[in-house]
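Ligands are counted one by one from 1 in listed order, and the atoms in each one are counted from 1 as well.
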Amino acid sequence: MNIVALISGRGSNLHAILKGIKRGIINANISLVISNKASAKGLEIAKDYGIRTLFLDPKNFPSRVDYDRKLIEIISKENPDLIVLAGYLRILSPEFIEAFEGKIINIHPSLIPAFQGLNAQKQALEFGSRFTGCTVHFVTKDLDSGPIIIQAVVPVLPEDTEKTLSERILSFEHRIYPQAVKWLSEGRVLVKGRQVIIKDATYGTLPVNPQLEDF
Ligand code: GRF
């Protein structure tokens, strides 16, 4: 399975997926990592793994649609089976989503449909939720609402700050994102409308491969 990843920053989810690939747990190849930010630490992580990287500067494009058209052109050449959004902080145009319909996945730091959009962890704290979590989902034209592949439930503790809660959620993101990519690489993911069926998965628990646990 060939993957193109889009990032904007730290790249810790990208790193978790790269570790899974390097250890031979995920049978996939990331051919290109693209960032809309020159300073994205994830670009350095990708380079450390010998992966081609590209900083595509939005300032060089008159509009989001023009930027996304360039992205479509570049990504199409990679012939990807999967496009992984890993902390990509730009809304994708409908044209981009149509071009790669059903092949784009994202991770969001809440149990969607709760707390969509920015600062999901802060939203959960301010709402007073006792549990929140993270979600890997297919990307559709509606923001943070596509069919759900995997979710992890994470408790909110009374003394939590946005930072401590974000860190706790992130440790689960690093387990579920590689797991979702692994399932996709194994061809076990079937989408029927909003329902995503994972062939032979264990439900009712966090269905994560133990080898992916220490990320
Ligand atoms: C994560 O919290 C992810 O859920 C959200 O953006 C953040 C990206 O972090 N979409 P990283 O760049 O993967 O470290």
Checklist entry - What pairs with Lys182 under salt bridge (Lys or Arg N to Asp or Glu O under 4.0 Å), at least two apart in sequence or on another chain? => result Glu186
Checklist entry - Quick one: does His108 get an N or O within less than 3.5 Å of an N or O on ligand 1? => result no
Checklist entry - To which of Ser8, Ser110, Gly11, Ala120 does the heavy atom nearest atom 12 (O) of ligand 1 belong? => result Gly11
Checklist entry - Closest non-hydrogen protein atom to atom 6 (O) of ligand 1, residue and atom name please, with distance? => result Gly87 CA, 3.6 Å
Checklist entry - Which residue owns the protein heavy atom closest to atom 10 (N) of ligand 1, what's the atom, and how far is it? => result Ile107 O, 2.9 Å
Checklist entry - Among protein heavy atoms, which lies nearest atom 9 (O) of ligand 1, and at what distance? => result Arg10 NH2, 3.0 Å
Checklist entry - Any donor and acceptor pair, going by atom type alone, linking the side chain of Ser185 with main-chain N or O of Ile26 inside 3.5 Å? => result no
Next on the checklist: Name the residue from Thr164, Asp160, Thr132 that meets the side chain to side chain contact (heavy atoms under 4.5 Å, CB included) definition with Leu125.
Outcome noted: Asp160
Next on the checklist: Quick check: Ser12 and ligand 1, any N/O pair under 3.5 Å apart?
Outcome noted: yes
Next on the checklist: Quick test of your reading of the model: are Glu73 and Lys70 salt-bridged, counting only N-O distances below 4.0 Å?
Outcome noted: yes
Checklist entry - What protein heavy atom is closest to atom 2 (O) of ligand 1, reported as residue, atom name and distance in Å? => result Glu173 OE2, 3.1 Å
Checklist entry - Between Glu173 and Arg168, is the closest basic N to carboxylate O distance under 4.0 Å? => result no
Checklist entry - Applying the side chain to side chain contact (heavy atoms under 4.5 Å, CB included) test to His137, which of Ile149, Asp144, Ile105 qualifies? => result Asp144
